[in-house]
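Written below as structure tokens is the structure these notes are about.
A quick note: this is a predicted structure, and the numbers were derived from the prediction, not measured. Each residue takes its place number in the sequence, starting with 1.
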Amino acid sequence: MQSLVAFLKGLGASRLMAMVAVTAALIGFFAFVIMRVTTPQMTTLFTDLTAEDSSSIIKDLERQAIPFEIRNEGAVIMVPKDRVTRLRMKLAEGGLPKGGGVGYEIFDKSDALGTTSFVQNINHLRALEGELSRTIRAIDRIQAARVHLVLPERPLFSREAPEPSASIVVRVRGSLEPQQIRAIRHVVASAVNGLKPQRVSIVDESGRLLADGANTDPENAAGDERRTAFEKRMRNEIEAIVSSVVGQGRARVQLTADFDYNKITQTSDKFDPEGRVLRSSQTREESSASAGDGGQVTVNNELPGNQANNGAATARDQSKKSEETNNYEISRTTKTEVTEAGRVNRISVAVLVDGAYTKNEKGEMVYQDRSKEMLDRIATLVRSAIGFDQKRGDQVEVVNLRFAEAPAVPPVAEPTGLLGMFQFTKDDVMYVIELGVMMLLGLVVLFMVIRPLVKRILAAEIVPALAGGAAPALADGSAEGGSGQALLPAGGAAALIDVAQVQGQVHAQAVHRVGELAERNPNETASIVRQWLTEPVE
């Protein structure tokens with residue numbers, strides 16, 4: 001300990017302060033590097049948070065003593081990557097995030113004893129709007145949603161009740177499909193009593209009207225959606241067939257379908273005269289007889305004896321009548337046809353096919369047109385795919401033209417086996433790069449800053465060479481150079497300096513300076529050497 005204390009005293013105040021500063025800087029730098037390396041990798045816990053949800057989540061994280069970072073003015077919260085899954089489940093158990101809307105939990109803490117019916121109705125409306133907003137946000141591509149409901153009360157002494165309406169403002173990623181817009185309207189209409197889908201308006205964040213609440217003909221929207229779905233399905237089928245022949249990405253298909261949205265009801269009666277069926281039959285017969293004299297009344301005829309003779313001798317007139325009536329049923333066919341809206345009146349298909357690419361003798365890709373026979377075969381396939389009907393005016397055109405862009409490059413197969421095991425994400429790559437930069441910076445500081453400072457502090461000071469030889473001793477026991485500054489400390493510090501090393505360095509510097517003078521002034525150097533040689537030796 002005494003030698004250590006003596007060594008520290010011998011260094012002097014300036015050297016000691018320099019050593020303390022270098023040590024503190026070194027400790028601080030390596031502490032920063034260690035803290036940076038050992039800090040857990042942060043990842044996103046939630047995004048697009050409202051101020052209320054962000055405040056509630058931060059309080060919960062502070063209560064659990066979990067490190068976190070806040071970005072984008074509290075809309076994004078970052079937590080350690082290894083704990084993000086458990087935190088999401090834990091926060092979901094507590095109902096966080098709520099989504100910025102007030103749901104039916106508004107009635108959990110309300111005092112129903114002193115609440116008026118007006119306040120209860122307002123709270124019910126707020127809760128219903130909040131629940132609908134949460135439901136809409138659950139749909140894909142929707143980031144935020146806000147719902148406004150208008151539920152008018154029926155006026156007194158009124159027979160007709162006003163219809164409710166709703167307006168929805170959504171913030172989406174990209175664009176919504178027509179079926180998604182219809183789904184939102186039907187979800188809201190089904191959740192509100194008496195609300196019709198036609199009374200729901202939807203607007204996006206840019207002010208673009210997605211659904212008009214004043215639309216009174218929903219069948220037109222349904223018909224357009226049916227036509228769009230039909231065209232898309234047929235286009236995909238045709239493109240799949242053609243691409244399998246000419247290659248992926250070398251065919252473009254456009255299809256247009258003309259739909260008839262008129263609903264027709266037709267009733268027709270058809271009679272078949274050959275198809276007779278006996279329904280009823282009626283027969284009637286009549287017979288009568290009369291005497292030959294015509295029935296004259298005479299005295300002779302009235303006599304008893306003459307009646308028998310006359311009856312045998314005269315002839316009588318007889319008549320017979322037969323009548324038959326038959327009723328037949330004629331077969332009749334009644335046909336009622338109802339043609340629903342959405343009939344296909346006409347289909348037009350345009351297929352653009354790229355040519356073939358082959359390599360020539362130099363290895364270059366050369367374009368080559370496809371033959372007419374192949375185009376005819378492709379057209380035949382397209383006609384079969386769409387159900388071609390010449391009577392309704394269908395058209396199919398297949399044209400071969402060279403595409404402006406290059407052929408599609410086949411996707412690169414993903415590495416399998418050992419290479420497939422080392423699949424790093426973007427966060428992992430950035431973390432490794434950050435560690436490499438920190439290590440490189442630490443090595444640079446260690447070898448370029450710390451090492452020279454330590455060597456300069458611990459190394460002995462070089463005594464400058466004097467032109468006249470050794471420095472004269474001062475009265476206090478220290479040596480002084482040409483500039484009048486003390487070169488060697490007195491007392492115990494002088495004993496620690498290697499005198500022989502100092503003298504050797506002084507002689508080496510003197511010889512080096514003499515050599516430089518000789519190189520710069522060779523003539524004067526030669527004359528001085530001759531003068532030394534001619535001088536007599538004492």
Side-chain angles (χ1 to χ4, degrees), residues 48-53 92 95-112 115-226 228-229 341:
D48 297 328
L49 294 174
T50 60
E52 295 81 3
D53 288 340
L96 293 175
K98 298 179 181 179
V102 180
Y104 285 114
E105 66 273 4
I106 192 174
F107 297 103
D108 295 341
K109 299 180 181 180
S110 61
D111 187 7
T115 306
T116 61
S117 61
F118 176 77
V119 176
Q120 288 285 358
N121 293 334
I122 293 298
N123 290 339
H124 178 265
L125 182 62
R126 292 178 58 194
L128 186 57
E129 292 177 349
E131 294 294 337
L132 288 175
S133 300
R134 296 175 184 176
T135 304
I136 295 173
R137 283 198 303 272
I139 300 176
D140 190 19
R141 298 184 184 179
I142 295 181
Q143 294 181 342
R146 191 166 183 179
V147 180
H148 299 278
L149 297 177
V150 179
L151 306 178
E153 296 182 358
R154 182 175 181 176
L156 295 176
F157 309 106
S158 177
R159 295 181 179 180
E160 297 181 359
E163 295 183 357
S165 61
S167 59
I168 304 172
V169 180
V170 295
R171 185 169 71 248
V172 298
R173 294 186 297 268
S175 61
L176 293 177
E177 299 291 337
Q179 58 267 23
Q180 290 179 323
I181 298 175
R182 290 186 59 203
I184 294 173
R185 300 181 73 178
H186 282 277
V187 165
V188 175
S190 301
V192 180
N193 186 21
L195 180 60
K196 298 180 181 179
Q198 298 83 10
R199 300 280 294 172
V200 179
S201 301
I202 303 177
V203 183
D204 62 1
E205 71 277 9
S206 61
R208 186 165 56 96
L209 184 63
L210 303 179
D212 186 4
N215 186 14
T216 58
D217 191 7
E219 295 183 359
N220 292 337
D224 293 340
E225 183 179 352
R226 183 185 302 176
T228 302

Determine the sole option in I168, V147, L149 for which the side chain to side chain contact (heavy atoms under 4.5 Å, CB included) test with V200 is passed.
-> I168

Test side chain to side chain contact (heavy atoms under 4.5 Å, CB included), reference I202, set D212, I181, V188, output is I181

Compare every heavy atom of A166 with every heavy atom of L195, then report the nearest pair and how far apart it is.
-> CD2-CB, 4.0 Å

With Q143 via side-chain hydrogen bond (donor to acceptor under 3.5 Å, both in side chains) - residues at least two apart = R171

R185 CZ to Q198 CD distance, which is reported to the nearest 0.5 Å = 6.5 Å

Side chains of E205 and V169: does their closest heavy-atom pair fall under 4.5 Å?
-> no

Distance-minimising heavy-atom pair for A189 and K196 | CB-C, 3.8 Å

Polar side-chain atom of R141 near backbone of V172 as donor-acceptor pair, under 3.5 Å | no

I184 CD1 to I139 CD1 distance, which is reported to the nearest 0.5 Å = 4.5 Å

When rounded to the nearest 0.5 angstrom, what distance separates CD in Q180 from OG in S175?
-> 8.5 Å

Looking only at heavy atoms, which two atoms of E163 and P152 are closest? And how far apart?
-> O-CG, 3.9 Å

Which residues pass the side chain to side chain contact (heavy atoms under 4.5 Å, CB included) test with S167, sequence neighbours left out?
-> H148

Can you tell me if R154 uses its side chain to pair, donor with acceptor, with the backbone of S158 under 3.5 Å?
-> yes

Smallest heavy-atom separation, P164 atom then N193 atom, equals CG-O, 3.9 Å

Does any non-hydrogen side-chain atom of I136 lie less than 4.5 Å from one of I142?
-> yes

Does the side chain of P155 come within less than 4.5 Å of P162's, by heavy atoms?
-> yes

Kindly indicate whether the side chain of V192, heavy atoms from C-beta on, has any atom under 4.5 Å from the side chain of L132.
-> yes

When you check the gap from the basic side-chain N to the acidic O, do E131 and R134 get nearer than 4.0 Å?
-> yes

Quick one: list whatever passes side-chain hydrogen bond (donor to acceptor under 3.5 Å, both in side chains) with R208, sequence neighbours left out.
-> D204

